[in-house]
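The structure under discussion appears below in the form of structure tokens.
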Amino acid sequence: MGLLDVLFGRSKPVRPDLDRLFALPSAAITLQAAAGLVPTGAGSVCFASIEGGAFTRIRQEVGALLGADSGRGGGTVEFSQDDYGYSWLLSRRAPDELPSLVNDLHAVNATLRDSGFGPQLLCSLVAFRASGRQPLALVYLYKRGTFYPFAPLPGGKRDNPLELQVRAALQDDLNIEPDLSRWFPLWGAPGL
């Protein structure tokens, strides 16, 4: 960081640490004890769209990588594009296979990064649910190196008390994003 960066208040962005995703299985235990939330088995990776042949190649690589898992079964990896033009990969596992789901998400992220598309990575999320409640996602922001909870409610609202409860419960397990204005809503995210 240079002198002009200091004078103008710019900070060096946090380098994404994809290995932070591996903290999710232990955080899930805390989350279940604190709020009764358990993994649903769904997780997504969001990235800025990659054009043309590069996207086709990445899609084939990821499909082959995740499809090589003989215990996966059919139809559990899906690609989609949202209304804003972002691409999503949704991976589904059995709810008790959170470590395998995290491995899937990490593999997708690493494949994108290693193929030169690291700057296009936006976030990953893992979905949780409690009996009789709306889902909650733990979202990892690549450019910040932090997690935050997102609890959508019907009608385009959020369950803010639940999000704050989850933040308090997981502050020792995950690097929680301190700036609440960066807790972006992910309406309609695959897996939620």
Side-chain angles (χ1 to χ4, degrees), residues 14 16-47 62 65-66 69 71-73 75-80 82 86-113 120-153 158-160 162-177 180 182-192:
V14 174
D17 182 2
L18 300 179
D19 291 343
R20 288 187 181 185
L21 291 172
F22 293 119
L24 284 171
S26 63
I29 295 167
T30 303
L31 194 55
Q32 184 174 5
L37 292 157
V38 294
T40 65
S44 301
V45 175
C46 180
F47 51 97
V62 168
L65 179 68
L66 298 183
D69 183 353
R72 171 174 286 286
T76 59
V77 176
E78 304 166 19
F79 283 91
S80 63
D82 66 20
Y86 293 106
S87 296
W88 289 85
L89 176 131
L90 169 65
S91 180
R92 291 191 189 275
R93 292 280 188 160
D96 61 344
E97 294 181 340
L98 182 58
S100 295
L101 178 64
V102 169
N103 284 336
D104 290 350
L105 300 178
H106 187 275
V108 171
N109 296 323
T111 299
L112 286 165
R113 180 196 61 207
Q120 277 83 1
L121 287 170
L122 300 175
C123 67
S124 280
L125 65 87
V126 174
F128 293 82
R129 185 180 297 268
S131 179
R133 288 179 103 165
Q134 292 298 112
L136 172 120
L138 288 179
V139 181
Y140 178 66
L141 294 172
Y142 293 105
K143 300 202 180 356
R144 303 278 297 172
T146 56
F147 290 88
Y148 71 91
F150 171 60
L153 291 172
R158 295 171 74 166
D159 189 342
N160 291 342
L162 178 60
E163 291 177 356
L164 295 175
Q165 176 188 0
V166 168
R167 175 183 71 174
L170 296 179
Q171 65 188 356
D172 293 333
D173 294 289
L174 300 173
N175 184 20
I176 300 293
E177 173 58 50
L180 298 183
R182 296 205 182 257
W183 290 21
F184 305 112
L186 298 173
W187 307 118
L192 273 182

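Put simply, the side chain of Leu174 reaches to within 4.5 Å of the side chain of Leu24, judged on heavy atoms. Side-chain contact check for Leu18 versus Arg113: some heavy-atom pair is nearer than 4.5 Å. Considering only heavy atoms from C-beta on, Pro149 comes within 4.5 Å of Leu138 through its side chain. Side-chain contact check for Pro152 versus Trp187: some heavy-atom pair is nearer than 4.5 Å.
Taken from CG in Leu21 to CG in Asp104, the straight-line distance is 11.5 Å, to the nearest 0.5 Å. One distance of note links CD of Glu78 with CG of Leu90; it measures 5.0 Å at 0.5 Å rounding. Atoms CD and CZ, from Gln32 and Phe128 in turn, are 10.0 Å apart once rounded to the nearest 0.5 Å. Taking CG of Asp173 as the start and OG1 of Thr30 as the end, the distance is 3.5 Å to the nearest 0.5 Å. From Leu98, atom CG reaches atom OG of Ser26 across 9.5 Å, with rounding to the nearest 0.5 Å. Here the straight-line distance linking atom OH of Tyr148 with atom CZ of Arg167 works out to 14.5 Å at 0.5 Å rounding.
Listed here is the closest heavy atom pair of Phe150 and Pro185: CE1-CA, 3.5 Å. Taking both residues in full, the closest heavy atoms of Leu192 and Pro135 are given as CD2-CB, 4.0 Å, listed atom of the first, atom of the second, then distance. Shortest non-hydrogen contact noted between Leu101 and Ser91 is CD1-O, 3.5 Å. For Arg158 against Phe184, the heavy-atom pair with the smallest separation is NH1-C, 4.2 Å. Contact record, Val102 with Pro25: CG2-CD, 4.1 Å, taken as the closest heavy-atom pair. Among all heavy-atom pairs drawn from Leu186 and Leu125, the shortest one is CD1-CD2, 3.8 Å.
Formation of a donor-acceptor pair under 3.5 Å by the Asn175 side chain with backbone atoms of Gly145 is found in this model. At distances below 3.5 Å, at least one donor-acceptor pair connects side-chain atoms of Gln165 with backbone N or O atoms of Ala34. A donor-acceptor contact shorter than 3.5 Å links the side chain of Trp183 to the backbone of Glu177. In this structure, Lys143 contributes its side chain and Cys123 its backbone to no donor-acceptor pair below 3.5 Å. Looking only at distances, a side-chain donor or acceptor of Arg129 sits under 3.5 Å from a matching main-chain atom of Arg133.
Aromatic ring pairs are classed by plane angle as parallel below 30°, tilted from 30° to 60° and perpendicular above 60°; the pair Phe147 and Tyr140 is tilted.
For Asn160, the side chain to side chain donor-acceptor pair (under 3.5 Å) test picks out no residue, with sequence neighbours left out.
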Which pairs would a plain distance check flag for residues 37-47, meaning a side-chain donor or acceptor within less than 3.5 Å of a matching protein atom at least two apart in sequence or in another chain?
residue: Thr40; atom: OG1; partner: Ala42; partner atom: N; Å: 3.3
residue: Thr40; atom: OG1; partner: Ala127; partner atom: O; Å: 3.4
residue: Ser44; atom: OG; partner: Pro190; partner atom: O; Å: 2.4

